[in-house]
Amino acid sequence: MTSVRLVNMIPNSSSGEIYQDSEPQVAVNPSNPDEIVATAFTAALGGAGPLYLSTDRGNTWSFRYLVPGGRPNDQSVRFADSGMLYAGTLRGDRSKPNRMEILRAADVMPLRRRSGWRPGPVMTSLMTRDSSDQPYVTAMTVGKRDYVFVTNNDSTGATVDHSDHATSTPPAGFLQAMIDQRRVTRDSPSVRTAPHENGTVYAAFCSWASPPPGTTPTYATAYIVVARDDNFGIGATPFRDLIGSDGKPGVQVAVVQVPFPYTGTAFTYLGQQRVGSSLSLAVDPRDSSSVFIAWGDGPSREATQTLRVRWSGNEGQIWSDDLLVIPDATNPALAITRGGRVALLYQQLVRRRLQTAWETHVQVTQDYWATPAEDILLARTWDTAFSFDPFMGDYADLISFERELFGVFSAHNYPDNSHFPVGVRYQRNADFGRRLLLNVDGVTSVSPSVDPYFFEISWPRF
Amino acid sequence: MEADGNATLLGNASFIFSGHVNDIEDPPPEQEDEPPVATVEVERVYLAPDSLAGYAGQTVLVGFDGASGLEAGDTRLFFTNPVEFAEQVSVYSIADMPSGEDEEERLDLLREAEERHQLTARIIASSLIVHGVVIALRQTPSDVSPSEHDPDWWIARIAIRELLRGHPESEPGNSIDVAFANSRDVAWVEAPKLAPSQQAIFFVRENVFPEAEARFAIHEPGDVIEATAERLVAIREFVQ
């Protein structure tokens, strides 16, 4: 029997907030899984951006202003097994455009009431670089070393900034590896890694192969590529242990069409959500040769963007055909549990008569989608309350810890039980009977907006 | 109160309220270097983000940088920034002062001082200050290395009604071209968006973004403000 726990993460003390809290990420502390950290585009106050914090496995959430530079323009967080938290951000201040910063903190948990009360400290800066995009963190501890991989789309294409001793003095040993040897121009923003504790590290990116000239919104041919390193990314030529048929690092999983130029006013929209750079990658924690990838491509006659899932059982050398195809969907996030369950989180636009809604699903399979997967509908929410791009975020997040799945997504917060088929718990004041959000006084109504939601999916242990 | 001496209080504090100190708790002996924490019932909110606008009647925890000098029973005007939203809201006090019947008048003085301070800062940061109207818009060519956070630079031609500061190659009655970020991406959504026929005071900066293809740019939220007679007079006086 599958158990699902869904929580709206806005704290009760912030019941009056109406911000677009989109693009969430979540990190579970392996050394203490009660401690969970998350991020979203929640407003900065006092010059620092917030981190969402839970000390009870996601049942209750607070947020605390710890991220330097104001509210980041992109952000990603992961714990290493050591308990150290790592983050990659694009700083919120505009001193330099797209300034990526890699951060670290040993303890970010909530203030101890009436003791140790001081603001901050903010996270420690390890390094910065300008003109980067969408930093995305993975981390693990092997032996006594923290291995951290921060993918980003540098102006020169898909890049991994990586360290094999990330707890050391700043800059903590971070080295830059440009992993796209096919690029014609900058790649799609999303770049992902999936490290395994035996030292195998996969990296996926979408390489624009033939970008057309001009600014008119159109489509470019692109390669979905998976590269691999077999020794934690250490060495002079990292991520070159998997060579494609063209002799270049990385295997082409597919040749696709993606929206181009993916910038300015030229985005492609699914409802109010910009789409065009959707990518996820997961390695089986029990078998490093087994790796899954999910991406979005299109448009086609059937859909604005279509998500596809493929699998390789031989270290990324040969890939399956599509295991799963989902039209009009975005924000794929793959995870594999130690129990062997493979899961995909995604958000799909559904049009029914006069109503357009976003459905947030998790599909869980134990046979690689050979038979229909367990399909958990977490939310069916409105496509309204847009403030800025990206409406729900350019990504959502799903991770595994031991045999459970933890995830976050952003969606409209109208308090209607029919919008949350698995049930939901709001921390912020809400009257589901009258379908009203209420301020901290429990009386004054508050306008609906986009909030982050945390969920855990678990199964009985026998 | 000397308002100008506290001119930055309003600019640096995001949550300003008057409140009644219910309780002061000193730190435990093992953390004697820590400051005390006050439990304060918010009586009136003067400035707040959305999340705190409805906090009248609620209690918040107020931390200080050192000894506060407060006692239970005091009523004070607090200038704070939030630190944490948890079971309760914790805020950090950057200043507090006596509360009383005249606090609205004192805050009005502070607001005026803050506006003067902000105006002064904008004037100093600006290469040109123009009272004018937007008469044309055009998009610049796309960046060769596009990003989801691309500013989407546009050029606005602003007809100058009055040149308040600076020396472009224009005279009043002429125009200048100014770049602005038209993107609604999270990175640029707060940057001013200019519209045809928009009349305003424009605080124009030397452009530091090469891809904007303009000598001048506007990209911070305070770079475009409504043109009121009082502001025009204040700017003229400052510049002279």
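Naming convention: chains lettered A, B, ... in sequence-line order (proteins, then strands); numbering from 1 in each chain.
- Using a 30° and 60° split on the angle between ring planes, Phe78(B) and Phe64(B) fall in the tilted class, from 30° to 60°.
- Put simply, the side chain of Ile24(B) does not reach to within 4.5 Å of the side chain of Glu71(B), judged on heavy atoms.
- Of the two parts of Ile10(A), neither the backbone nor the side chain holds a non-hydrogen atom closer than 4.5 Å to a non-hydrogen atom of chain B.
- The aromatic rings of Phe41(A) and Phe388(A) stand perpendicular to each other, their planes meeting at an angle above 60°, with 30° marking the opposite boundary.
- For a residue to count as touching a neighbouring chain, one of its non-hydrogen atoms must lie under 4.5 Å from one of that chain's; by this rule Asp441(A) touches chain B with backbone and side chain alike.
- When heavy atoms are compared at a cutoff of 4.5 Å, Asp394(A) approaches chain B solely by way of its side chain, counted from C-beta outward.
- The nearest pair of heavy atoms linking Ser449(A) to Ile18(A) is CB-O, 3.4 Å.
- For a residue to count as touching a neighbouring chain, one of its non-hydrogen atoms must lie under 4.5 Å from one of that chain's; by this rule Phe386(A) touches chain B with the side chain only.
- Contacts between Ser14(A) and chain B at a heavy-atom distance below 4.5 Å involve backbone atoms as well as side-chain atoms.
- At a 4.5 Å heavy-atom cutoff, the contact between Pro49(B) and chain A is made by side-chain atoms alone.
- Neither the backbone nor the side chain of Gln427(A) comes within contact range of chain B; no heavy atoms are under 4.5 Å apart.
- Between Trp154(B) and Phe180(B), the angle of the ring planes lies from 30° to 60°, which puts this pair in the tilted group.
- Under the 4.0 Å criterion applied to side-chain N and carboxylate O atoms, Glu17(A) and Arg428(A) are assigned as salt-bridge partners.
- Heavy atoms of Asn81(B) lying under 4.5 Å from chain A belong exclusively to its side chain.
- Ring orientation note: the planes of Phe209(B) and Trp188(B) are nearly perpendicular, at an angle over 60° on the 30°/60° scale.
- In this structure, no portion of Ser277(A) lies under 4.5 Å from any heavy atom of chain B.
- In this structure, the portion of Arg274(A) lying under 4.5 Å from any heavy atom of chain B is its side chain and not its backbone.
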